[in-house]
There are 2 protein chains.
Amino acid sequence: MKRKAARATISDVAKAASTGKTSVSRYLNGEHHALSAALKQRIEEAIAALDYRPSQMARGLKRGRTRLIGLIIADITNPYSVDVLSGIEAACRAQGFTLLVCNTNNEVDQERHYLQLLSSYQVEGIVVNAVGMREEALSMLQQSLLPMVLIDRKIPDFACDVVGLNNAEAASVATEHLLANGYQAILFLSEPLGLVNTRLERLQAFKATAQRHQLASAEQAEAALNEAAKLDSILRDFYQRHQQHNCAVMVANGSLTLQVARALRRLGLRWGPDIGLLGFDELEWAELAGVGITTLKQPTWQIGYAALQQVIRRIDGDEQPLAEQMFPGELVIRGSTSPQ
Amino acid sequence: MKRKAARATISDVAKAASTGKTSVSRYLNGEHHALSAALKQRIEEAIAALDYRPSQMARGLKRGRTRLIGLIIADITNPYSVDVLSGIEAACRAQGFTLLVCNTNNEVDQERHYLQLLSSYQVEGIVVNAVGMREEALSMLQQSLLPMVLIDRKIPDFACDVVGLNNAEAASVATEHLLANGYQAILFLSEPLGLVNTRLERLQAFKATAQRHQLASAEQAEAALNEAAKLDSILRDFYQRHQQHNCAVMVANGSLTLQVARALRRLGLRWGPDIGLLGFDELEWAELAGVGITTLKQPTWQIGYAALQQVIRRIDGDEQPLAEQMFPGELVIRGSTSPQ
DNA sequence: CTGTTAGCGCGTTCAT
DNA sequence: ATGAACGCGCTAACAG
């Protein structure tokens, strides 16, 4: 007695429909023009009766097309990444691809593991959501020969399609908003800059805009997400030096904004009344925190969708030089950037 | 000239090591006892030289073991689900499985689509993270014959392993906390109860505990996540009837807590000073919202990890009657449950 | 229009 | 200890 009914194969269907495997295969692949109505009918019934579903394994083995796409995410707990994932997934469904999601948890050996894995499963393309990814982790990607697209971040010296935010424009808009609201000292706060282009571009646009408008004091500081003490001292120092003017902090991403908000809490400073606060990336709780936190919202879903479309274009043989799609951000104004 | 170097196959390796495929296969599967040191050496070098990696497709086809596990998530934007996902993923890595993540977005036809897909890829087991899943969507799962485990929620009349929170205990602890802090009227607020066992169990434990302690007023109401107006009226009404006493709201899950917080904002009510607030599920921003929101934190990561272990046990042929693992929650006390 | 045949890359008897 | 040959489920080339 069998443990469980073995799955029906294409041969079973062929037998049940008293025909050959080829015709069944043709039916499955939509080559309806080459099948008589009667045969189609029989095949259809056989498939239904046996609850047959073709094995993607065998199909991929034969054709070399697995219709599989790998997604590498540095940190799946990051809301930005999750939103992007939604967009990617929607695009996959629309195009008939399946997504293999790999969360590297920002660990290099996990990334190595997953790259091998994706290769083992013969994925046809890879999307890398590099948000929050450390630089060393990115280096590993360079060896892959598959169609690949980067989200949010570029890799120095590595020619690869990129989809992300128009950082220069966004940072400029954000800075101008703060200037327009009368802030006279602004601190640009980010995780360690390194060679991370998003941070560098945002910083540069901030500086340029500040200079263009002759901002009295444009400062810059870096702190890692887990350096609470350092964050405290940076913020305390900045506030003490500028509390007589209107001063504000501009935070380069959502994860850090959360930490900054916690730090300000610890220091007893209220965003809005005491100090301005503006963060990149929308936060679902932004309106609930005190007077609300002004954010620069990214079109995350669209970014994910566009990224997947781009990989597919490459899979389909597109040899265009190099695509770099930059989406505009949207400023969501809340209480944290209203002085007094 | 070939477009890109075709991947090396097991035959290539065999040729390069001047041996047969069989030995290479044995080497790959760790049957080291049956290989001479010299041959192992040659194979090892050939694999390295060709950058060979076995095709999981072919392997799965032959052995019938794909080492693939499917995960069905109702709503990937739910932080609870993401945390659980982390745990599942860690367990997968530890056990040598790969995860196929499917986000149904709470749409029935997407679920149908993904169930077929998982079956096509011959996954060996399925984990269903039912958090936020509508009842009608769950019904579809019943037909799958694969090893399957449910997270968080049970399906009526469907024998299946379940991993989740000890709802009765958790709700009891939460209720007693409110009682101890002097609240005399408590409103239990959830999404529509339906037949969702988590909601029912939490409600029942709330009622039982309230009765045992002779709480003056224990009320209950339901509202869907998108019914802002209804939420407003429920809360306004409750507050007006009880504002002379200390009154509190207990919310059955994190997504709804977010909506409740927004509603209270709209109504101009402050949690803590004006009305008590306690929510199931930890929120990363809980401490930043006003005086902070008291939450009942679930061991999400562990729940995910345990769920995957359970599926694997079934895959390995475990025929135990039925496992129901219930983890304890942890009350995280913040300002929202301190009256006056 | 339809069936027959030959692999895709791998694991697995079964001989050597 | 090692290799030759067969077949997993499917598609593609080639007959009929």
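Quick note on labels: first sequence line is chain A, next is B, and so on, each numbered from 1. Since the structure is predicted, the reported quantities are computational estimates derived from the model, not experimental observations. What you see below is based on every heavy atom in this structure, not just the backbone, and it leaves out hydrogens, waters and symmetry mates.
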Between Arg53(B) and Asp51(B), does a salt bridge (Lys or Arg N to Asp or Glu O under 4.0 Å) hold up when you go through it step by step?
CA-CA 7 Å; Arg53(B) 261 182 298 282; Asp51(B) 188 36; 3.4 Å; yes
Residue whose nearest DNA chain D nucleotide is more 5′ - Arg42(B) or Val24(A)
Arg42(B)
Any base atoms under 4.0 Å from Thr22(B), or only sugar-phosphate, or nothing? Heavy atoms, all strands.
base
Can you tell me how far the CG atom of Leu61(B) sits from the OG1 atom of Thr66(B), to the nearest 0.5 Å?
11.0 Å
Is there any ring-ring contact (aromatic ring centres under 6.0 Å, His included) pair reaching into residues 301-323 of chain B, and which pairs are they, with sequence neighbours excluded?
Trp301(B)-Tyr305(B)
At the 4.0 Å heavy-atom cut-off to chain B, mark where contacts on DNA chain D begin and end, going 5' to 3'.
dA1(D) to dG9(D)
So which one's nearest nucleotide on DNA chain D is more toward 5', Lys62(B) or Ser18(B)?
Ser18(B)
Step-by-step salt bridge (Lys or Arg N to Asp or Glu O under 4.0 Å) determination, Glu319(A) to Arg314(A)
CA-CA 7 Å; Glu319(A) 302 282 3; Arg314(A) 294 296 182 192; 5.5 Å; no
If you pin Tyr52(B) and Arg26(B) to their nearest nucleotides in DNA chain C, which one's is more 5'?
Tyr52(B)
Is the shortest heavy-atom distance from the side chain of Val163(B) to the side chain of Leu150(B) under 4.5 Å?
no
Just to be sure I understand the rule, does Ser23(B) reach a base, reach only the sugar-phosphate, or reach nothing, if contact means heavy atoms closer than 4.0 Å?
sugar-phosphate
Could you walk me through whether Glu124(A) and Arg65(A) pass the salt bridge (Lys or Arg N to Asp or Glu O under 4.0 Å) test, one step at a time?
CA-CA 7 Å; Glu124(A) 298 185 51; Arg65(A) 302 192 341 173; 5.3 Å; no
On DNA chain C, nearest-nucleotide positions of Ala37(A) versus Lys21(A): which is more 5'?
Ala37(A)
Taking all non-hydrogen atoms of both residues into account, name the closest pair between Ala14(A) and Lys21(A) and its distance.
CB-N, 3.7 Å
Within a 6.0 Å radius of atom CG on Asp157(A), are there more than 12 heavy atoms belonging to other residues, nucleotides or ligands?
no
Taking any atom closer than 4.0 angstrom to a non-hydrogen atom of chain B, what span of DNA chain C does the protein reach, first nucleotide to last?
dG9(C) to dC14(C)
